[in-house]
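The structure appears right after this line, and notes come after that.
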Amino acid sequence: MLYTKCNKKKIIALVDCNSFYVSCERLFNPKIKNVPVVVLSNNDGCVISRSTEAKQIGIKMGEPYFKVKHLVKKNNIAVFSSNYALYGDLSRRVMNILKKFSSCIEYYSIDEAFLDLTDMIIENINDYIVEMKKIIYQYTGIPVSIGVASTKTLAKVANFLAKKKDNGVENLTIRSSNEINSILQKIDVRDIWGVGSQLSKLYKKNNINNGYELKIKNTAWIRKNTNIIGLKTVAELNGISCIDFNDGENAPRKSCCVSRSFGKKVETLQELEQSITSHCLNAAEKIRQDQQLVKSVVIFIKTSPFDQSNFISLSKKVDLPIATDDSFVLLDICLKALSEIFIKGQKYQKAGVFFLGLQNKENYQANLFSIKDSEKSGKLMKILDDANLKFGRNFMSVGDVGFRGSWKMRRDYSSRIDTSDFECLPTVNSG
DNA sequence: TCTGGGGTCCTAGGACCC
DNA sequence: TCTGGGGTCCTAGGACCC
């Protein structure tokens with residue numbers, strides 16, 4: 001049944017921006033063009049983007065910053081806090097260009113997209129992707145790698161190869177199956193898309209060490225020892241496309257989470273209330289933007305998981321009788337839930353809000369008990385959202401978000417670049 | 001009061017991704 | 001001293017029903 005959809009060989013391209021966050025910072029700062037650069041996660045916690053030079057020095061993806069600080073110092077690595085407003089803006093520009101190369105496109109992440117080229121009339125795929133890469137660079141300054149293959153999983157493999165090549169593109173659809181097999185033999189099973197730390201442990205224990213060994217593994221064994229996703233990965237390595245292509249531009253979100261670690265540990269209820277308030281309001285704004293309503297709410301607070309002996313994680317779920325997008329209602333629920341789970345005397349490290357069971361507002365409206373109330377609330381929420389859009393996040397707020405709380409996120413190395421700010425335009429000297 | 005099996009639905013938790 | 005955030009999907013197991 002898994003295979004029935006696949007009667008025609010597909011042509012799928014995966015476009016992936018190279019060291020995306022680093023590339024974004026480099027656009028506005030030519031001085032860091034050929035030097036090692038890293039970008040840190042929120043709170044300056046971990047390394048989440050590395051330039052080629054930084055990779056060569058041995059900085060690993062996801063490593064805590066404090067553990068590599070000595071390497072940073074010794075090698076003069078340029079360090080940046082993440083600036084998601086900037087990355088989001090540049091991502092949109094790249095994706096807009098990709099739209100011109102295929103009408104069937106899946107925005108997979110901030111720096112990646114799948115393009116289905118199956119039904120397009122293209123004389124030469126290789127020329128097409130070389131052109132695509134060139135245009136993206138010319139229009140945005142962002143370098144990308146492009147891999148093409150008959151399935152998403154193989155397109156990931158192709159992209160993995162493309163990243164190591166000078167021209168930055170790889171097309172597996174023109175390679176023989178023998179060539180593909182020998183390529184897969186050289187790829188560690190952990191590097192196959194869909195194989196994470198747990199699966200790779202299981203595979204290696206059972207002598208499946210590379211992509212080829214996974215490809216030829218008996219499917220009954222895979223089914224018995226993993227799950228449907230494991231089975232799909234194997235099918236895809238065999239050229240059978242069975243992972244859905246999600247080209248719905250606005251596939252609605254099913255859940256929405258806003259959470260943050262604190263810049264320093266938090267012990268008081270008041271500070272937790274401020275952070276939960278801020279997260280709740282931000283999440284509410286997000287779902288209103290998407291015309292969605294919330295059916296249940298979860299809030300959580302936890303101490304640091306790295307302090308194993310003292311780790312606690314507290315949470316509470318509340319189901320709403322009527323789905324809503326009203327910040328007042330949601331905030332009320334969140335703060336009440338917080339007061340119920342709060343335990344004194346703990347050093348909290350993180351707090352967050354989940355909105356679950358999101359549903360489309362249009363479809364739900366008719367079920368509301370009081371249309372009038374919801375209209376009133378809708379107008380008020382719109383004023384709130386418009387003001388915050390115009391004057392910046394949290395300009396207008398409903399509760400106490402503690403404007404200068406010492407618990408707020410650390411961002412010590414931000415480039416503070418804003419693409420809507422003229423001051424940030426680079427200066428060009430003509431002579 | 002004791003007995004069985006099979007179905008659905010829901011949820012918590014885990015694994016994975018970037 | 002200092003270890004990100006936001007998603008999706010799948011499964012096992014419990015509750016409930018007949």
Side-chain angles (χ1 to χ4, degrees), chain A residues 14-21 38-50 60-70 72 79 81-84 87-88 91 106-114 152-153 156 159-160 190-203 223-233 242-244 246 248 251-265 275 279 282-283 286-287 290 295-296 298 300 302-308 311 313 315-317 319 347 349-358 409-413:
Chain A
L14 173 63
V15 181
D16 187 316
C17 302
N18 300 344
S19 308
F20 183 53
Y21 298 168
V38 298
V39 175
L40 305 179
S41 66
N42 276 335
N43 247 327
D44 297 337
C46 298
V47 174
I48 51 169
S49 183
R50 307 157 295 156
K60 298 262 170 355
M61 182 65 178
E63 244 181 331
Y65 178 51
F66 72 89
K67 285 191 182 170
V68 296
K69 239 176 186 165
H70 65 287
V72 167
V79 178
S81 304
S82 38
N83 178 350
Y84 287 103
Y87 312 148
S91 171
E106 176 182 338
Y107 305 103
Y108 182 65
S109 75
I110 193 164
D111 70 338
E112 258 178 86
F114 288 103
K152 280 181 160 182
T153 306
K156 276 276 184 183
N159 198 287
F160 186 82
R190 178 68 179 85
D191 292 327
I192 299 293
W193 189 47
V195 179
S197 61
Q198 298 305 304
L199 267 185
S200 66
K201 229 187 273 171
L202 170 80
Y203 287 157
R223 185 68 193 102
K224 185 158 170 265
N225 291 280
T226 76
N227 58 20
I228 186 88
I229 301 179
L231 210 51
K232 283 187 179 184
T233 300
C242 54
I243 296 177
D244 285 341
N246 225 333
R253 239 196 308 236
K254 295 170 183 172
S255 66
C256 174
C257 170
V258 175
S259 70
R260 291 283 180 283
S261 297
F262 300 121
K264 64 170 215 188
K265 301 280 187 290
S275 82
H279 300 337
N282 289 337
K286 279 195 198 182
I287 59 120
D290 295 346
K295 198 69 184 65
S296 49
V298 176
F300 69 85
K302 48 174 89 171
T303 61
S304 172
F306 297 97
D307 182 8
Q308 289 263 334
F311 176 61
S313 173
S315 71
K316 183 167 174 75
K317 182 175 183 213
D319 291 316
K347 295 186 191 309
Q349 179 254 355
K350 187 174 187 175
V353 172
F354 274 103
F355 289 164
L356 306 175
L358 299 183
M409 193 162 87
R410 276 201 314 271
R411 258 181 111 203
D412 293 342
Y413 312 102

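These values consider heavy atoms only, across backbone and side chains, with no hydrogens, waters or symmetry-generated copies. Predicted model, so just to flag it, every value in this text is computed and none were measured. Below, read A as the first sequence line, B as the second, and so on, with proteins coming before strands; counting in each chain starts at 1.
L199(A) comes within 4.0 angstrom of the backbone, heavy atoms only, and of no base. If you check every strand for non-hydrogen atoms under 4.0 Å, R411(A) touches nothing. Within the nucleic acid shown, E63(A) has no heavy atom closer than 4.0 Å to any nucleic acid atom. Residue contacts shown for K264(A) are absent, as no nucleic acid heavy atom lies under 4.0 Å away.
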Close N/O contacts between protein and nucleotides 3-5 of chain C (under 3.5 Å):
from   : atom 1 : to      : atom 2 : distance (Å)
dG4(C) : O4'    : S41(A)  : OG     : 2.7
dG5(C) : OP1    : S261(A) : N      : 2.6
dG5(C) : OP2    : S261(A) : OG     : 2.9
dG5(C) : OP2    : K350(A) : NZ     : 3.1
dG5(C) : O3'    : R260(A) : NH1    : 3.1

What N/O pairs connect the protein and nucleotides 10-13 of chain B at under 3.5 Å? Give each pair on its own line.
none

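Residues K156(A) and D191(A) form no side-chain contact, since every pair of their non-hydrogen atoms from C-beta on lies 4.5 Å or further apart.
In this structure K69(A) satisfies the salt bridge (charged side-chain N to carboxylate O under 4.0 Å, His left out) test with no other residue, sequence neighbours excluded. Listed by chain and residue number, Y21(A), Y87(A) satisfy the ring-ring contact (aromatic ring centres under 6.0 Å, His included) test with Y84(A) (two or more places apart in sequence, or in another chain).
What separates CG of D111(A) from P of dC17(B) is a distance of 15 Å, to the nearest Å. Here dC17(B) presents its P atom at 21 Å from CZ of F20(A), a figure rounded to the nearest Å. Residue F355(A) contributes atom CZ, which lies 14 Å from atom C1' of dG6(C) at whole-angstrom precision. Taking atom NZ of K347(A) as the reference point, atom C1' of dC2(C) lies 15 Å away to the nearest angstrom. Atom C1' of nucleotide dC2(C) and atom NZ of K69(A) are separated by 7 Å, given to the nearest angstrom. Spacing between atom OH of Y107(A) and atom P of dT8(C) amounts to 18 Å, rounded to whole angstrom units. Here dC9(C) presents its C1' atom at 17 Å from CZ of R253(A), a figure rounded to the nearest Å. The interatomic distance linking K232(A) (NZ) with dC9(C) (P) rounds to 10 Å, in whole Å.
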In a table with atom names and distances, give each donor-acceptor pair under 3.5 Å that connects a side chain of residues 195-202 of chain A to protein atoms at least two apart or in another chain.
from    : atom 1 : to      : atom 2 : distance (Å)
S200(A) : OG     : G196(A) : O      : 3.0
S200(A) : OG     : S197(A) : O      : 3.1

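The backbone N or O of G45(A) lies less than 3.5 Å from no partner atom in the side chain of N42(A), so there is not a single donor-acceptor pair. Here the side chain of S49(A) pairs no donor or acceptor atom with the backbone of V38(A) at under 3.5 angstrom. Side-chain N or O atoms of K265(A) include none that pairs as donor or acceptor with a backbone N or O of T303(A) at under 3.5 Å.
Closest non-hydrogen pair, K317(A) versus L356(A), comes out as CE-CD1, 4.2 Å. For the residue pair D412(A) and S81(A), the shortest heavy atom distance occurs at N-OG, 3.4 Å. Residue E63(A) comes nearest to V68(A) through the heavy atom pair OE1-CG1, 3.3 Å, listed as atom of the first residue, atom of the second, then distance. Counting all heavy atoms, side chain and backbone alike, S275(A) lies closest to A351(A) at OG-CB, 3.6 Å.
With C1' as the reference atom, dC16(C) and dG4(B) are 16 Å apart, rounded to whole Å.
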Checklist entry - Which string of ( ) [ ] | and . matches DNA chain C, if you list each base 5' to 3' and count Watson-Crick or G-U pairs only when both distances are under 3.5 Å? => result ....||||||||||||||
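Aromatic ring pairs are classed by plane angle as parallel below 30°, tilted from 30° to 60° and perpendicular above 60°; the pair Y108(A) and F114(A) is perpendicular.
With the nearest nucleotide of DNA chain C identified for both C256(A) and I229(A), C256(A) has the one nearer the 5' end.
In this structure, K156(A) reaches the dC18(B) phosphate: one of its side-chain N or O atoms is under 4.0 Å from OP1 or OP2. OP1 or OP2 of dT8(C) lies within a sub-4.0 Å distance of a side-chain N or O belonging to S255(A).
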